[in-house]
Amino acid sequence: MYGLSEFLSRDLGIQKNGQLSIGVDWKPPGYWAALAACCRSKQIEFEKLHFYSEKTKGYASAIALENALSGKDSYQYERKKSGENYSELVLLDCADGTDKATSTINSCIRYIFDSREVSGFSKDLCDVVGDLHDNVWSHGKSTGFSMAQKWDDYNTKGCCFEFALADCGFGFLGELRRVGLPFDCDEDSISWCIEKGNSSKKLKVRDEWSQRLPQDIAGNPIPGIGQPVMSENHHMGLGLAKLIDLINNYKGQLWLASGEKTLVIDDQGNKRFKHNVQKWQGVALACRFDTEKVKNYKKYDNDEVITSLINLLGVQS
C-alpha cells in the first residue's frame with residue numbers, strides 16, 4: 001500500500017517536460033490528498049499525470065482528481081457511493097467547499113460506523129473532521145484538499161477507514177514562528193501542536209478596538225480596521241489533540257507530516273518520527289481506523305466511568 005508516508009519517502013519525480021508518473025500500487029486517501037495539494041501548488045494539471053494503469057487513472061477520475069487539478073470532470077458515471085464508502089477530493093478554499101467536504105466525510109463516518117456501540121466514536125471523529133477542515137481553510141492559503149475512503153481488511157474481517165487532508169500553507173513550524181513562539185525544528189513544533197490545550201489560535205493577539213464584522217460580509221466598509229469574525233466554535237486548532245485521543249483509544253493509526261518530519265503512531269500506540277525525503281511545505285495528515293478494533297478497544301477514563309455509573313443509578317446531580 002502506497003500511502004502518505006511512502007509519498008514523502010522519495011522525490012516527487014517531476015520530469016523535464018513537467019510530467020509526473022503515477023504507479024500501479026493501490027493508494028489510500030493520504031496519498032491522493034498529498035498529490036492533489038502538491039500538484040496544485042506546483043501548477044501541475046491532470047493532463048500532465050502519466051498513469052501506468054488505466055484502472056488507477058479511472059479511480060483518480062472517480063475521486064475527482066481531474067476536477068481538483070484542471071477544473072474539469074470527465075468521469076462518466078454517477079458517484080453513487082459518495083458519502084457512504086468514500087468522499088471525493090474537495091478543495092478547502094471557501095466556506096461552501098469546506099462545508100461540503102465536512103458533510104460528505106461525516107456522512108461516510110456515520111454510514112461505516114453505524115452501530116449504537118460506537119456512536120460516541122462516530123460523533124467524536126465527525127467533530128474532529130470539522131475542526132481540522134476549518135484549520136486547513138484558515139491556514140492553508142487555498143491549497144488544502146481532503147478525502148476519505150473505506151476498504152475491506154481481510155486480516156481482521158472488518159474494514160478500514162482512512163481520512164486524509166493536506167495543504168501547502170505555513171506548516172506547524174512556520175505558523176508557530178508567525179505567532180512568536182521560538183521553535184527551531186519540525187519535530188518539536190509537531191509535538192507541541194498535538195498536545196492537549198496547545199493552539200496557535202489562542203496566541204494570536206487581536207486588536208481590541210477592531211470592528212467585528214459578519215463572516216459573509218461583501219467587502220470591508222472600514223479597511224484596516226474591520227475584521228471578519230469566523231465561527232467562535234471552530235478555528236481553535238484543537239482538532240489534533242482530539243484526534244490523538246481517538247487514535248490511542250481505538251487502536252488507530254496516524255501519519256502527520258510537516259516540513260522534514262512525519263509523526264507516525266501505530267495501532268499499538270507506539271510513536272516515532274520519520275524523516276521526509278520530500279520536505280512537505282504545509283501540513284499533511286492521514287488517520288486510519290479498523291471497524292473491528294473500534295468496536296473492541298474503547299478505553300474509558302475515570303470521568304466517563306463515573307458519569308456512566310451516575311446515569312445507571314439515576315443519581316441526580
Side-chain angles (χ1 to χ4, degrees), residues 2-16 18-22 27-46 48-49 65 68-70 89-94 97-98 101 132-147 163-194 198-201 203-204 235 237 239-240 243 254-264 273-287:
Y2 195 88
L4 173 61
S5 182
E6 289 76 18
F7 180 84
L8 297 173
S9 68
R10 64 182 68 174
D11 291 329
L12 191 59
I14 302 174
Q15 299 175 17
K16 291 182 179 180
Q19 193 174 75
L20 177 61
S21 295
I22 309 297
K27 302 166 180 63
Y31 171 89
W32 295 109
L35 177 69
C38 187
C39 287
R40 182 175 174 83
S41 70
K42 298 181 182 297
Q43 298 181 326
I44 300 174
E45 295 192 345
F46 187 78
K48 285 292 185 178
L49 300 181
L65 179 63
L69 300 184
S70 304
L89 285 161
V90 174
L91 175 64
L92 307 173
D93 65 340
C94 65
T98 304
L132 295 179
H133 275 164
D134 279 352
N135 278 293
V136 170
W137 178 22
S138 59
H139 287 311
K141 300 190 296 184
S142 298
T143 63
F145 288 91
S146 75
M147 71 164 289
F163 159 67
L165 55 78
D167 71 61
C168 296
F170 293 110
F172 290 134
L173 184 58
E175 174 63 20
L176 294 183
R177 286 175 172 174
R178 195 168 69 89
V179 297
L181 291 180
F183 284 90
D184 57 8
C185 71
D186 293 306
E187 188 169 321
D188 288 344
S189 66
I190 293 173
S191 296
W192 189 89
C193 287
I194 65 173
N198 288 349
S199 170
S200 65
K201 298 294 182 65
L203 302 174
K204 291 182 179 178
H235 295 283
L240 286 175
L243 179 58
L254 176 72
W255 297 266
L256 178 62
S258 188
E260 297 180 345
K261 295 293 181 178
T262 295
L263 170 66
V264 181
F273 279 94
K274 182 178 178 180
H275 179 75
N276 298 330
V277 172
Q278 184 186 160
K279 182 177 180 180
W280 187 260
Q281 181 62 45
V283 174
L285 174 153
C287 63

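Closest non-hydrogen pair, L165 versus S146, comes out as CB-CB, 3.8 Å. Of all heavy-atom pairs between I44 and G18, the closest is CG2-O, 4.3 Å.
The pair E45-K48 does not meet the salt-bridge criterion, since no charged nitrogen lies less than 4.0 angstrom from a carboxylate oxygen.
Contact check for C193 versus L176: side-chain heavy atoms found under the 4.5 Å cut-off. Here the side chains of W280 and C38 are in contact, with some heavy-atom distance below 4.5 Å. Contact check for L240 versus N135: no side-chain heavy atoms found under the 4.5 Å cut-off. Residues L12 and K42 meet the side-chain proximity criterion, which asks for heavy atoms closer than 4.5 Å. At a threshold of 4.5 Å between non-hydrogen side-chain atoms, the residues L243 and L256 do not count as touching.
S41 pairs by the side-chain hydrogen bond (donor to acceptor under 3.5 Å, both in side chains) definition with nothing, not counting sequence neighbours. Scored by the ring pair (Phe, Tyr, Trp, His ring centres under 6.0 Å) test, Y2 finds Y31 as partners (sequence neighbours excluded). Residues forming a side-chain hydrogen bond (donor to acceptor under 3.5 Å, both in side chains) with N276 (at least two apart in sequence, or on another chain): T262.
Here the side chain of E175 pairs no donor or acceptor atom with the backbone of F172 at under 3.5 angstrom.
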